[in-house]
Amino acid sequence: MENGTSSATNQTIPLLTPFSMRNFNLSHRIVMPGMARMRSYGNVPQPHAAMYYSQRATPGGLLITEATGVSETAMAYHDMPGIWKKEQIEAWKPIIDAVHSNGAVFFCQLWHAGRVSHRATDICTRFSAKMMMQERKTNSVRYLLGFEIVKSCYVCAKQLIFVLDSQPNGEAPISSTDKPLAETSSNEFTTSDEFTPPRRLRTDEIPNIVNDFRLAARNAIEAGFDGVEIHGAHGYLIDQFMKDTVNDRTDFYGGSLENRCRFALEVVEAVTNEIGSDRVGVRLSPFANYMQSGDTEPQKLGVYMAKSLNRFRTLYCHMVEPRMKTATEAFECTESLTPMRKAFEGAFIVAGGYTREDGNKAVAEGRTDLVAYGRLFLANPDLPRRFKLDAPLNKYDRTSFYTSDPVVGYTDYPFLETEP
């Protein structure tokens, strides 16, 4: 009787209906997208990530890791994970096992920051004295001790510690351009004066970056991931090539729309050839102007990329809503993702400011197959169950999004007690 009631309930809630994504039979349509958490000390995933991800893993659910660097030059922020060396591959394995033990599908988001990087990174010292002592016992000790306090955090007004070089040998970050980010630039992690002016990639260097993505994809499968998501959104390297307000190249990676998308599609092709199309998704944000990476014809860009991904039989396209002009703030707009949805032949995932109600509506109306919930999933590890019961949601604490604490704001958000 109980199972019958549950089935009937699920049939009335579009987000809780099953969906077949080729080889992956998903039990619901609520996706946990990649979200930076900055708790991978020394760019190596840590044991506490196993609890974090497995808490949010449900049978037949889809989870995507936080942005994971494909190489040393890919990094931008402190304590982001990587997957370019053996130590990182091995560190991911128990985390993946924990997610799989709960029956979920787990994809690794492959990322290169490009010019959104710097020769040095700052972190906010939101640590108590006790926490600092605990940190001394971890791999992060070299990032927390003996550095000069240089200024205050623009987010929380607390002091920052000057930490480490984000780029190997103190080199400039790479990009499609040599244009630096303007002084007004900032994101949730850092402010503009930490950004080092980038170095424009030479044409003959670009295949090396494509190869970094290919090798990272191979490493992800070796670690045990079910697939990878190529991060082509939010002003990072791939986005810097695609967007016409950034890309000022005159070679065949710049100028026309086709040329500006060439790098992105070469990455998709290389990764697909390496691990197979059934394991590859792509995240895009054509309408966003995050970190000064806007485009003058975003719909044209989005449709072109959606159609182009069909050539590679890409498993899914994960696209950010036009209302999310930045990563954190929704704006009123008249554009929609409908043209991209119609152009793409694989599974379609939408993201950007969705509630339970409008997520259900988007699925019911056929505007998407799946809906990604970032901050709601962060604060509600049992989000699918809460949506099923229409239960109250935990409120997220933005001040703990990017601290190095392995518990607070990470694995300590409460679950619902018992089902009514």
Side-chain angles (χ1 to χ4, degrees), residues 19-26 29 31-34 61-71 74 81-84 88-89 92 96 99-100 104-112 206-207 209-234 236-239 241-242 261-286 301-320 337 340-341 343-351 368-370 372:
F19 178 72
S20 178
M21 193 169 70
R22 291 191 201 158
N23 297 332
F24 303 107
N25 295 316
L26 305 181
R29 299 167 185 249
V31 177
M32 177 176 162
L62 173 60
L63 281 71
I64 304 164
T65 70
E66 64 186 296
T68 301
V70 299
S71 68
I83 196 156
W84 70 85
Q88 295 161 335
I89 297 171
W92 274 116
I96 298 165
V99 170
H100 284 163
V105 176
F106 203 17
F107 272 50
C108 181
Q109 188 182 76
L110 303 183
W111 169 69
H112 196 303
I206 292 175
I209 310 302
V210 173
N211 195 51
D212 286 339
F213 277 91
R214 181 186 67 81
L215 293 175
R218 176 197 292 178
N219 292 343
I221 300 305
E222 179 184 338
F225 282 107
D226 298 296
V228 302
E229 177 180 279
I230 298 167
H231 196 335
H234 288 159
Y236 296 120
L237 181 63
I238 291 175
D239 210 28
F241 271 85
M242 290 190 291
C261 292
R262 187 186 306 276
F263 172 63
L265 296 174
E266 286 181 353
V267 170
V268 173
E269 182 176 26
V271 169
T272 299
N273 288 342
E274 182 65 35
I275 66 172
S277 62
D278 289 346
R279 295 176 179 266
V280 180
V282 178
R283 181 173 170 90
L284 299 170
S285 60
L301 170 61
V303 170
Y304 178 80
M305 281 299 296
K307 288 181 177 179
S308 298
L309 293 178
N310 293 333
R311 301 204 315 261
F312 309 104
R313 296 194 71 250
T314 303
L315 177 65
Y316 71 76
C317 179
H318 183 179
M319 200 164 284
V320 179
L337 295 180
M340 283 64 83
R341 161 69 161 165
F344 184 64
E345 296 170 359
F348 201 71
I349 307 175
V350 295
T368 190
D369 298 308
L370 305 160

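Sequential numbering from 1 along the given sequence is applied to the chain's residues.
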Side chain to side chain, F241 and I206, heavy atoms closer than 4.5 Å:
yes

Return the CD1 to CD1 distance between I209 and I238, rounded to the nearest 0.5 Å.
11.0 Å

Residue pair V280 / G276: nearest heavy atoms and the distance that separates them:
CG2-O, 3.4 Å

Heavy-atom closest contact (L284 atom, M242 atom, distance)
CD2-CE, 3.7 Å

Looking at side-chain heavy atoms only, is the closest gap between I83 and F225 below 4.5 Å?
yes

Can you name the salt bridge (Lys or Arg N to Asp or Glu O under 4.0 Å) partners of R262, sequence neighbours left out?
none

Using atom types as modelled, flag every donor-acceptor pair under 3.5 Å from a side chain in residues 307-320 to any protein atom, sequence neighbours excluded.
from: S308; atom 1: OG; to: Y304; atom 2: O; distance (Å): 2.7
from: N310; atom 1: OD1; to: E345; atom 2: N; distance (Å): 2.9
from: N310; atom 1: ND2; to: A343; atom 2: O; distance (Å): 2.8
from: T314; atom 1: OG1; to: L309; atom 2: O; distance (Å): 3.1
from: Y316; atom 1: OH; to: E229; atom 2: OE1; distance (Å): 2.8
from: H318; atom 1: ND1; to: E229; atom 2: OE1; distance (Å): 2.9
from: H318; atom 1: NE2; to: R283; atom 2: NH1; distance (Å): 2.8

Sequence neighbours excluded, which residues qualify as salt bridge (Lys or Arg N to Asp or Glu O under 4.0 Å) partners of E274?
R214, R218

Which atom pair, heavy atoms only, marks the closest approach of G224 to I96?
O-CG2, 3.4 Å

Just jot down the salt bridge (Lys or Arg N to Asp or Glu O under 4.0 Å) partners of D369, sequence neighbours excluded, or say none.
R341

Please give me the minimum heavy-atom distance between L110 and A216, naming the atom from each residue.
CD2-CB, 4.0 Å

One should read off an interatomic distance between Q109 CD and T65 OG1, to the nearest 0.5 angstrom, of 6.0 Å

Spacing of T68 atom OG1 and W111 atom CH2 [to the nearest 0.5 Å]:
9.0 Å

Contacts of D239 meeting side chain to side chain donor-acceptor pair (under 3.5 Å) (sequence neighbours excluded), chain-then-number -> K243

With no hydrogens and no angle check, is any side-chain donor or acceptor of S71 less than 3.5 Å from a backbone partner on D212?
no

Counting N and O atoms only, with roles assigned by atom type, does the side chain of T368 sit under 3.5 Å from a partner on the main chain of F348, one being a donor and the other an acceptor?
yes

Under a 4.5 Å cut-off applied to non-hydrogen side-chain atoms, are L215 and W84 in contact?
no

Report yes if some heavy atom in the side chain of Y236 is under 4.5 Å from a heavy atom in the side chain of H112; otherwise report no.
no

Would you say L301 and C261 make side-chain contact, with heavy atoms under 4.5 Å?
yes

dist D226:CG -> C108:SG (nearest 0.5 Å) comes out at 11.5 Å

Checking the side chain of W92 only, and the main-chain atoms of N219 only, is there a donor and an acceptor separated by less than 3.5 Å?
no

Closest approach of G69 to A74 (non-hydrogen atoms, all atoms of both residues):
CA-CB, 4.1 Å

Just by distance, do the side chain of H231 and the backbone of A233 share a donor-acceptor pair under 3.5 Å?
yes

Identified side-chain contact (heavy atoms from CB on, under 4.5 Å) partner of L62 from the options R29, M32, M21
M21

Audit row: L265, M305, side-chain contact (heavy atoms from CB on, under 4.5 Å) steps and yes/no:
CA-CA 8 Å; L265 296 174; M305 281 299 296; 3.8 Å; yes

Partner of R279 under side-chain contact (heavy atoms from CB on, under 4.5 Å), chosen from V228, V271, N23, I221:
I221

From S285 atom OG to H234 atom NE2, the distance as rounded to the nearest 0.5 Å:
4.5 Å

Go through the steps to decide whether F107 and L63 satisfy the test side-chain contact (heavy atoms from CB on, under 4.5 Å), and finish with yes or no.
CA-CA 6 Å; F107 272 50; L63 281 71; over 6 Å; no

For F344, enumerate each residue passing the ring-ring contact (aromatic ring centres under 6.0 Å, His included) test, keeping only those at least two apart in sequence or located in another chain.
none

